[in-house]
Structure formats: C-alpha cells, structure tokens
Amino acid sequence: MRPATGVRTPLLLSCAGLAALAVSVAFAVTIGPADISTADVWTSVAAHFRGERSALTPLRDGIVWNLRMPRTVLAAICGAGLALCGAVMQSLLRNSLADPFVLGVSSGASTGAVAVAVLGTGAGAVSLSGGAFAGALLSFAMVLVLSHTLGASPDRVVLSGVAAMQLFSALTSFIVLTSADAETTKGVLFWLLGSLSGAGWGQVLLCAGVLAVALVVCLGHATTLDAFAFGEEAAAGLGVRVGRARLVLLCVTALLTAALVSCAGAIGFVGLVLPHATRALTGPGHARLLPVTALAGAVFLVWVDTLARTVVDPQEVPVGVVTSLIGVPAFVAVLYRDRRRA
C-alpha cells in the first residue's frame, strides 16, 4: 500500500530542510574575508569529529572551527528555537501575533545583561549571558505569578507579558541612561539588537541541549496543541488538562527563549513570521508543523547572520536589525494573505 500524500509531504519537507540546513551551514562558513572553501570546511569538521589533527594550517583550521563554525551552528540553533517557540505560542495562546518574546522574556534578559555590563552586578562572577538568563527567568516568574492571580487565561497571560515587557524595558533604559558611558552603551545596544559575534562551542552545546529537550516536549504535546486550536473548553472536553498543559509549554518555551536570548541577544520576527510561512506548507497539525518550522527557522537565520556580518564589511550589522528588515515586509504579506482568505 502506498503511503498517503499527507504523510509523505511533511517527511519530504523535513528531509529537504535537513539537506538545505547542511548545505547552508557548509556554504555560510566559507563566506568572509578569509578564502575558505567547502572542502576546507569538511576537512576541518571531519578531523575534529575524529579527534585528529586537521590537514589545514592552524590559522585556517582556527577560522573554520573556532570562529565561523560555532557562530553558524549557533545561528541555526537560535533560528530553530525561536521558530519553534513562535509556533507553540501562537497555538497555545490562540494569537497569530504571539512570538517568543510575548512573555517579557527578552526584556528581562536585556535588563539582566545590562545590570552585569553596566552596573557590574555579581562582581565579575556573573557573565553577560548568565545575567541575561537570570533576568529572563525573573521576568517569566513575574508573568506566571501575575497571570495566575488574574485567572491564567490566554488573554491574561499576554497582558501579563506586556506588563513585564514594559517594566523591564524601562529598567533597562534607566540603567543605561544613568550609569553607562558612551562605549558601554554602544556595546550593550549592539547586543540588545541581536549578535552572534561572540559565539563559542560552550554556548552551542548549551543551546542545543535546551533546544533538544524543548523539541521533544513540544512534539510530545502535539495533539494537545491541536486540541487548543478549538478553544480551551473544547480541549478540556477532549481530555486535555488545560492548566497543566499550558504551564508546561509556557515554561519550556520561556526557558528555551531565555537560553537563546542570553547567548544571542534579542532577535525578533523569526518566531513571528516563520510559523505562518511553514503552516501554509504543512497544514495545522503540530506533529508536522513543529519540526518543519524549526528547520525553516534554522536555515533562515544562518543566511540572515551571514548577510549581517558581510553586507557592510568590515562592519557588522546586528542580526535583529536584518531580521526586522526582512520580517516586516514578510509579515505584512502574511496579513494580506490572511485577509484575502477571510
């Protein structure tokens, strides 16, 4: 018996996405001031995976393995994670405008990072990423407490996230304006707009581990997310423990967003636009939607980061600026498409 087309299509899309991601990473690593070929990339990667010494010169091997490869892989992980969070948030909150930062996680991370960079909080024991992660968790805890006391409905969660976002954004601005010098302010603002320039393998492993756990949990709740599309009452009628499912998924997406933001800063529009684009290809079923969306986000951010670091070489444009420049027209196109369908 031939498999149904509906089963084949997501599998083909996933295989195509994996192939596109592998090719994108290989080519993205070759782009830059130093002349690196795809053969050099494969040589370096293969040698390091086998634990052998690379046939490349130490300088070329260092450029591939220590500079460009971790940055490109981290871009793929961040793109996949942000897109995955966006798809889950939009379904969970039944809001097509929801994205990974709707819970105020990004603003909290920004405040934490600024507190470390400008105020020296932690006396050198806390890194920029550590401060950002702590701030993100603090912001999310505030949203959980506030939304719970207000009734924990999707609208209350969103409103609590907006309140946290505004509070921590104001705190960030206050700290920068009253305590930072010009050079520190420039560095902080660059990070706040999204930057992968300091990527290392430690950050890659951390974000990859959190992404893997989040992907498993979200795929395990795929049928639950499908039920949420019909509303909370309908989901409860289908046997879904609405409060528990919402809490688990909100915590997972918030922790993943916190980890990504702590390593790469605030990169907008990936989680807002990519789920809409892939939903048109896979349909609404989350078992199909989530992996394809993650792969699309990974490929997208790999090339956006490549563009950001090369378009005005030798200067670098913050990744969040490029995603916004691309994401705004794309999102407007999605809105017009939905209006025509309505």
Side-chain angles (χ1 to χ4, degrees), residues 3-31 36-50 64-65 68-88 100 196 199 201 203-222 225 252 256 259-260 263-264 267 270-271 273-307 319 323 326 330:
T5 303
V7 176
R8 277 205 314 265
T9 301
L11 180 61
L12 290 175
L13 287 173
S14 297
C15 292
L18 287 171
L21 179 58
V23 172
S24 296
V25 170
F27 274 100
V29 175
T30 67
I31 300 174
I36 302 293
S37 67
T38 53
D40 292 336
V41 175
W42 294 119
T43 298
S44 177
V45 171
H48 282 278
F49 269 102
R50 291 195 300 263
V64 173
W65 186 253
R68 295 186 187 174
M69 183 60 73
R71 174 171 181 155
T72 304
V73 174
L74 184 61
I77 293 171
C78 289
L82 292 173
L84 173 68
C85 290
V88 172
L196 293 159
W201 285 114
Q203 294 172 316
V204 169
L205 293 175
L206 170 65
C207 292
V210 178
L211 173 61
V213 172
L215 185 58
V216 170
V217 173
C218 292
L219 285 174
H221 286 78
L225 288 168
V252 167
L256 177 55
L260 299 179
C263 293
I267 302 174
V270 178
V273 176
L274 267 298
H276 290 288
T278 53
R279 195 175 285 111
L281 297 175
T282 66
H286 287 82
R288 303 184 301 271
L289 173 67
L290 297 182
V292 176
T293 299
L295 288 169
V299 173
F300 173 75
L301 200 58
V302 164
W303 286 111
V304 166
D305 178 59
T306 303
L307 181 65
V319 180
T323 57
I326 297 174

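Computed from a predicted structure; not experimentally measured. Both backbone and side-chain heavy atoms feed into the values below; hydrogens, waters and symmetry mates do not.
The distance from the CG atom of L256 to the CG atom of L82 is 7.5 Å, given to the nearest 0.5 Å. Atom NE2 of residue H48 and atom CH2 of residue W201 lie 9.0 Å apart, to the nearest 0.5 angstrom. A distance of 11.0 Å separates CG in L13 from CG in L18, rounded to the nearest 0.5 Å. How far CD1 of I326 is from CG of L307: 6.0 Å, rounded to the nearest 0.5 Å. With values rounded to the nearest 0.5 angstrom, L260 atom CG is found 4.5 Å from C78 atom SG. A distance of 9.5 Å separates NE2 in H286 from SG in C218, rounded to the nearest 0.5 Å.
A side-chain contact (heavy atoms from CB on, under 4.5 Å) with D305 is found for one member of L196, L74, I267 and no other, namely L196. A side-chain contact (heavy atoms from CB on, under 4.5 Å) with I77 holds for exactly one of V302, L211, L301; it is L211. Paired with R68 under the rule side-chain contact (heavy atoms from CB on, under 4.5 Å), one option of I36, V25, V73 passes, and it is I36.
By the 30° and 60° cut-offs, the orientation of the rings of F49 relative to W65 is perpendicular.
Residues A87 and L289 share a closest heavy-atom pair of CB-CD2, 4.4 Å. G297 and A83 get closest at one heavy-atom pair: CA-CB, 4.0 Å. Here the closest non-hydrogen pair linking V273 and A330 is CG1-CB, 3.8 Å. Summarising the geometry of V299 relative to S24, their closest heavy-atom pair is CG1-OG, 3.7 Å, with the distance given to 0.1 Å. In this structure, A28 and T72 approach most closely via the heavy-atom pair CB-CG2, 3.9 Å. Minimum interatomic distance between A296 and L274 (heavy atoms only, all atoms of both residues): CB-CD1, 3.7 Å.
Residues R279 and T293 fail the side-chain proximity criterion, which asks for heavy atoms closer than 4.5 Å. A heavy-atom distance below 4.5 Å is found between the side chains of L290 and L225.
Between T43 and D40, the side chains place no donor N or O within less than 3.5 Å of an acceptor N or O (distance only, hydrogens not considered).
Panel note: side chain R288, backbone T282; a donor-acceptor pair is recorded below 3.5 Å. A donor-acceptor distance shorter than 3.5 angstrom exists from the side chain of T30 to the backbone of F27, with no hydrogens or angles considered.
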Subject >> Working for side-chain contact (heavy atoms from CB on, under 4.5 Å), residues I31 and W303 >> reply: CA-CA 10 Å; I31 300 174; W303 286 111; 3.8 Å; yes

